[in-house]
Structures are given as structure tokens and as C-alpha cells.
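Computed from a predicted structure; not experimentally measured. Numbering of ligands and ligand atoms starts at 1, following listing order.
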Amino acid sequence: MEYRHLGRTGIRVSELSLGSWVTFKNQVGVDAAVEIMSAAYDAGVNFFDNAEVYANGKSEEVMGDALQRLGWRRSSYLVTTKFFWGLHDGVNEKSTLNRKRLIEGINGSLERLQLDYVDVIYCHRPDKTTPIEETVWAMHNIIEWGKAFYWGTSEWAADEIVTAIQIAERHHLHKPVTEQPEYNLFERRRFEKEYARLFRDYGYGSTTFSPLAFGLLSGKYNKGIPKDSRATLKGYGWMHNDVTDKGRLAKVRALEPIARELKCTLAQLSIAWLLKNPNVSTVITGASRVEQVHENLKAADIAKKLTPKVLERIDKVFGVKKEEEED
Ligand SMILES: NC(=O)c1ccc[n+]([C@@H]2O[C@H](COP(=O)([O-])OP(=O)(O)OC[C@H]3O[C@@H](n4cnc5c(N)ncnc54)[C@H](OP(=O)(O)O)[C@@H]3O)[C@@H](O)[C@H]2O)c1
């Protein structure tokens, strides 16, 4: 496993990491979580991603119980969590980054995770109604109190991130250090275009999510929706359009010859492709069973085989032209 700095911070994260969205609680109980996290940790993963809203707090509980059982030295791994949607519908508790909510949020997460601190906390989405200054101060305070060490954003606009950095600089507060954006072969534009100035001008980090576009890029939906897949879970019907879209499936199939030539699976190829981007600090993978962890973590070896020629072929499949890359 290779480790990359999280942006301009001193902390290094495994280039492949593991998240618990959808899986923990819905598909994976504590026993399976122990097995999955253990496989990842043994392969060198040191970054485990969670969020307050995942399974309405239960995903943090599962990870907390798993960590208790695993008994790893706390300094040997990082745990992250995120706030925005909240756990209740109260007027000050839902879809907000207000100070009260963020501070109550971190206290609840630490309790569920059974930890004294998490390593990175994220603002899970931007909040257009709370002044960014209030959010920056709250995140700074949480760090000052030792409940987290770094903070970041998730799916914020580049302008909002620059505003938060500037407020922090003006008041000598802890700045946000990383984004958590979606980035995969289908979803490139924001990461590669809008965020380019964040990486260049601020050395912003990135912990990217959904490397397989929710599983689609593994090829598992090429012959219909498998019975045991995420798309069959209650509440995930919204995935059906995407995973049955003929155009998207044709692109996934067009990757097959490339994967065959490189002697790897489609999932490994898609994850390896992300590792070729130096602006990626870590690729957060997801897995509902341990075999997927074993398969996906081998992607690092495949990245070495992705020559400029191979990358060009992949771009062609997804209709990305050279000029488009350079504009
Ligand atoms: N900040 C945010 O807003 C945000 C949003 C989304 C995700 N995330 C983070 O990013 C993490 C990863 O996202 P994601 O779970 O959407 O990632 P993903 O890699 O796009 O999808 C993972 C899912 O694909 C399937 N899969 C994984 N490896 C496979 C393989 N080798 N072969 C076949 N199927 C495979 C599994 O689902 P099946 O059960 O169908 O097999 C697995 O749960 C999350 O856990 C979370 O921590 C953050």
C-alpha cells in the first residue's frame, strides 16, 4: 500500500481506503464489518470513512463495535465522519451546518463510535442558509477541543471552499484541508475542472467517493440487476435508471477488452484509473463482502500498468477528447 499526504497536511492516508455508506448496518453487521475492516487494515488501509447520517447513526455504531473488537492501536488508523443531514427533523437539526448542530453532532458521533476523537470531520454538503463564518468557527472549535484533528468539505462548490479557507486565514483558524467529492469514470468534470484551482492554489486534499459509480463500473449490472446487489435494497430504487441505462452499460462493456489485456477485473481497472490522478489523496472504496475488499485493493498493482496509451483508450470509451481535457 502506498500512502499520500492529505493535501498539504502532515498526515498520510492509504491511497485506497474503506467507507461504510449503504453497507454497514443495511448489508453488513458487526461480524462482517470486523472481517471487512480487518482485510482492509491487513492490506495497509489506514482510513475508514463514516457519516452521522449513514443508516441513521447505526453505521457509526457498527463501526464502533467493530473497532472495539479489533482492538487496533488508535494511532495506527484514521476514522472520519460527516455532518449535514442530521438524525432528526427538528428545525435546527436537519440539513444544516449551524454551530449548535455541529457541536451536538460530533458529541453524538463520538459516543456511537466509542472513540475519544475522530481524525477528520466533514461538512457533508454546503448549507446555503448558515453563514460560512459560523461553520468555520464551529469546525475550528471542535478541533481545538481535541474532538477531531482536521476538517473538510464534501461536494461544496470551489467558490464556497475558497471562502471558507479565506475566513479561516483571516481569523487564524483551522482551515478545511480536503474535499470529499464523487469521482469516477462517469463523473469527472467537477473534480478535474472546477476543483483544479483548489489543488493548484491551496494544495487541497481529496478523499474521493463512489469509485465504481455505486457498483456499475464493476460490470455487475451488465446482465441485469443481481439479486444481492445494492440496487435491490429498500430505498435504493433511485439507482435503477443509472444501472440499466443502455449508454452507460455500453461504456462499461467497452472497458472489458482493456481489463482483459491488463489481466484485471473491471472494478480493479476503474479504481486503478483514479489512482493515476495525483490530486487524489485517497480513493474511498465500498464493499458489502470481504471478497470485494480483496479484489479492489489489488487495484494499486494495476495502476502501474496504466500507460498513457491505455489512459487514452479509456478516455475514448468515455468520450473525453484531448482538447476537452485542456480547456
Ligand atoms: N461524501 C459523500 O457524500 C459520499 C457519498 C457516497 C459515498 N461516500 C463514501 O465513499 C464510500 C464508497 O462509496 P460507494 O460505496 O458508493 O463506492 P462504489 O465503489 O462506487 O460502490 C461500492 C459497491 O459496489 C459493489 N462492489 C464493490 N466492489 C465490487 C467488486 N469488486 N465487484 C462487484 N461489486 C462490487 C458493492 O455493492 P453490492 O452490495 O451491490 O455488491 C459495494 O458496496 C462510501 O462508503 C462512503 O464512505 C461518500
A.B. asks: Could you list the atoms of ligand 1 found under 4.0 angstrom from a heavy atom of Q27?
C.D. replies: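 Selected atoms, number and element: 39 (O).
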A.B. asks: Just to check, does Y54 reach to within less than 4.0 Å of ligand 1 when the distance is taken from its heavy atoms?
C.D. replies: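 The answer is yes: ligand 1 sits under 4.0 Å from a heavy atom of Y54.
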A.B. asks: Can you sort out which atoms of ligand 1 are near A267, meaning under 4.0 Å from one of its heavy atoms?
C.D. replies: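 Counting atoms of ligand 1 from 1, those under 4.0 Å from A267 are 31 (N).
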A.B. asks: Looking only at protein heavy atoms, which one is nearest to atom 47 (O) of ligand 1, and what is the separation?
C.D. replies: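 Scanning the protein heavy atoms, the shortest distance from atom 47 (O) of ligand 1 goes to D49 OD2, 2.5 Å.
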A.B. asks: Just which atoms of ligand 1 are under 4.0 Å from any heavy atom in T23?
C.D. replies: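 In order of numbering, the contacting atoms are 43 (O).
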A.B. asks: Report yes or no: do D49 and T80 form a side-chain donor-acceptor pair below 3.5 Å?
C.D. replies: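 Side chains of D49 and T80: pair found under 3.5 Å.
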A.B. asks: Report yes or no: do S59 and N50 form a side-chain donor-acceptor pair below 3.5 Å?
C.D. replies: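 On atom types as modelled, these side chains qualify, holding a pair under 3.5 Å.
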A.B. asks: Return the closest protein heavy atom for atom 44 (C) of ligand 1 as residue, atom name and distance.
C.D. replies: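 Nearest neighbour among protein heavy atoms for atom 44 (C) of ligand 1, to 0.1 Å: W21 CB, 3.4 Å.
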A.B. asks: Is the contact between A51 and ligand 1 made by the side chain, the backbone, both, or neither, using heavy atoms and a 4.0 Å cut-off?
C.D. replies: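 For A51, no heavy atom sits under 4.0 Å from ligand 1.
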A.B. asks: Is the shortest N/O to N/O distance between F214 and ligand 1 below 3.5 Å?
C.D. replies: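 Right, the criterion is met.
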A.B. asks: Would F209 count as being in polar contact with ligand 1, using the rule that some N or O on each side must be under 3.5 angstrom apart?
C.D. replies: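 There is no such contact.
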A.B. asks: Provide, to 0.1 Å, the distance between atom 48 (C) of ligand 1 and the closest protein heavy atom, together with that atom's residue and name.
C.D. replies: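 Residue, atom and distance for the closest contact: Q180 OE1, 3.0 Å.
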A.B. asks: Angle between ring planes, F191 versus Y183, binned at 30° and 60°: parallel, tilted or perpendicular?
C.D. replies: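 Parallel: the ring planes of F191 and Y183 meet at under 30°.
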A.B. asks: So which of K82, E295, R125 gets nearest to atom 3 (O) of ligand 1, if we judge by its closest heavy atom?
C.D. replies: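 It is R125 whose heavy atom sits nearest to atom 3 (O) of ligand 1.
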A.B. asks: Are any of the N/O atoms on S229, whether in the backbone or the side chain, positioned under 3.5 angstrom from an N/O atom of ligand 1?
C.D. replies: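 No.
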A.B. asks: Quick check: T285 and ligand 1, any N/O pair under 3.5 Å apart?
C.D. replies: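 So ligand 1 has no N or O lying under 3.5 Å from an N or O of T285.
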A.B. asks: Once the angle between the rings of W85 and H124 is folded into 0 to 90°, is it parallel (under 30°), tilted (30 to 60°) or perpendicular (over 60°)?
C.D. replies: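 If you compare the ring of W85 with that of H124, the planes turn out perpendicular.
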A.B. asks: For ligand 1, find out whether one of its N or O atoms is nearer than 3.5 Å to an N or O atom of A231.
C.D. replies: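 For ligand 1, there is no N or O atom that lies under 3.5 Å from one belonging to A231.
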A.B. asks: Tell me yes or no: between the side chains of N107 and K147, is some donor less than 3.5 Å from an acceptor?
C.D. replies: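 Side-chain D/A pair, N107 to K147: present.
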A.B. asks: Check if V22 has a non-hydrogen atom at a distance under 4.0 Å from any atom of ligand 1.
C.D. replies: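 In this structure, V22 fails to qualify as a contact of ligand 1 - no heavy atom is under 4.0 Å.
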A.B. asks: To the nearest 0.1 Å, how far is atom 17 (O) of ligand 1 from its closest protein heavy atom, and which atom is that?
C.D. replies: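 In this structure, atom 17 (O) of ligand 1 has S210 CA, 3.4 Å as its nearest protein heavy atom.
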A.B. asks: Quick one: do the H174 and E144 side chains pair a donor with an acceptor below 3.5 Å?
C.D. replies: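 A donor-acceptor contact under 3.5 Å links the two side chains.
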A.B. asks: What atoms of ligand 1 come within less than 4.0 Å of a heavy atom belonging to G19?
C.D. replies: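 Those qualifying, in numeric order: 45 (O), 47 (O).
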A.B. asks: Identify the two heavy atoms, one from L212 and one from S270, that lie closest to each other, and give their separation to 0.1 Å.
C.D. replies: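 For L212 versus S270, the nearest heavy atoms are CD2-CB, 3.9 Å.
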A.B. asks: Would you say the side-chain atoms of T153 and E179 include a donor-acceptor pair closer than 3.5 Å?
C.D. replies: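 A donor-acceptor contact under 3.5 Å links the two side chains.
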A.B. asks: Among all protein heavy atoms in this structure, tell me which lies nearest to atom 32 (N) of ligand 1, with the distance rounded to 0.1 Å.
C.D. replies: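 Of every protein heavy atom, S218 CB, 3.7 Å lies nearest to atom 32 (N) of ligand 1.
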A.B. asks: Does F149 share a hydrophobic cluster with M139, counting links as ILVMFWY side-chain heavy atoms below 4.5 Å and allowing steps through other members?
C.D. replies: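 Different clusters.
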A.B. asks: Examine the side chains of Q114 and D65 and answer whether a donor and an acceptor come within less than 3.5 Å of each other.
C.D. replies: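 Q114 vs D65: donor-acceptor pair found between side chains.
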A.B. asks: What protein heavy atom sits nearest atom 42 (C) of ligand 1, and how far off is it?
C.D. replies: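 Among all protein heavy atoms, the one nearest atom 42 (C) of ligand 1 is G286 O, 3.6 Å.
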A.B. asks: Quick one: does any side-chain atom of N296 pair with a main-chain N or O of L16 as donor and acceptor, under 3.5 Å?
C.D. replies: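 Not confirmed, N296 side chain does not pair with L16 backbone.
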A.B. asks: Which residue and non-hydrogen atom of the protein lie closest to atom 11 (C) of ligand 1, and at what distance in Å?
C.D. replies: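 Looking at atom 11 (C) of ligand 1, the protein heavy atom closest to it is I284 CG2, 3.6 Å.
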A.B. asks: Side chain, backbone, both or neither: which applies to N184 and ligand 1 if a contact is any heavy-atom pair less than 4.0 Å apart?
C.D. replies: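 N184 to ligand 1: no contact under 4.0 Å from either part.
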A.B. asks: In terms of atom number and element, which parts of ligand 1 are under 4.0 angstrom from non-hydrogen atoms of G215?
C.D. replies: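 In order of numbering, the contacting atoms are 20 (O), 21 (O), 24 (O).
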A.B. asks: So, for V177 and Y204, which heavy atoms are closest and what is the spacing to 0.1 Å?
C.D. replies: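 Looking at all heavy atoms of both residues, the closest pair is C-CE1, 3.5 Å.
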A.B. asks: Would you call the rings of Y236 and W238 parallel, tilted or perpendicular, taking 30° and 60° as the class edges?
C.D. replies: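 If you compare the ring of Y236 with that of W238, the planes turn out tilted.
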A.B. asks: How far apart are the closest heavy atoms of L18 and I36, and which atoms are they?
C.D. replies: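 Heavy atoms only, the tightest pair is CD2-CG2, 3.6 Å.
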A.B. asks: Out of K298, R289, Q292, who gets a non-hydrogen atom closest to atom 35 (C) of ligand 1?
C.D. replies: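 Among K298, R289, Q292, the closest heavy atom to atom 35 (C) of ligand 1 comes from Q292.
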A.B. asks: Do E182 and S210 have side-chain N/O donor and acceptor atoms under 3.5 Å apart?
C.D. replies: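 No - no donor-acceptor pair under 3.5 Å links their side chains.
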A.B. asks: Check the angle between the aromatic planes of Y77 and Y41 and answer parallel, tilted or perpendicular using the 30° and 60° thresholds.
C.D. replies: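 Y77 vs Y41 ring planes: perpendicular.
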A.B. asks: Any nitrogen or oxygen of H124, side chain or backbone, less than 3.5 Å from one on ligand 1?
C.D. replies: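 Between H124 and ligand 1, an N or O pair is found under 3.5 Å apart.
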A.B. asks: Report yes or no: does a heavy atom of E155 sit under 4.0 Å from some atom of ligand 1?
C.D. replies: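 False for this residue.
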A.B. asks: Which ligand 1 atoms does S20 reach within 4.0 Å, using its non-hydrogen atoms?
C.D. replies: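 Once the distances to S20 are compared, the set is 45 (O), 47 (O).
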A.B. asks: Looking at every non-hydrogen atom in both residues, tell me the closest pair between A157 and E194 and how far apart they are.
C.D. replies: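 So the minimum-distance heavy-atom pair works out to CA-OE2, 3.3 Å.
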A.B. asks: Using a heavy-atom cut-off of under 4.0 Å, does the side chain or the backbone of P226 touch ligand 1, or both, or neither?
C.D. replies: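 For P226, no heavy atom sits under 4.0 Å from ligand 1.
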A.B. asks: Of the protein's non-hydrogen atoms, which lies at the shortest distance from atom 28 (N) of ligand 1, and what is that distance?
C.D. replies: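 Nearest neighbour among protein heavy atoms for atom 28 (N) of ligand 1, to 0.1 Å: N296 ND2, 2.9 Å.
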A.B. asks: May I ask which of M239, E291, K220, R230 has a heavy atom nearer to atom 41 (O) of ligand 1 than the others do?
C.D. replies: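 Residue with the shortest heavy-atom distance to the ligand atom: K220.
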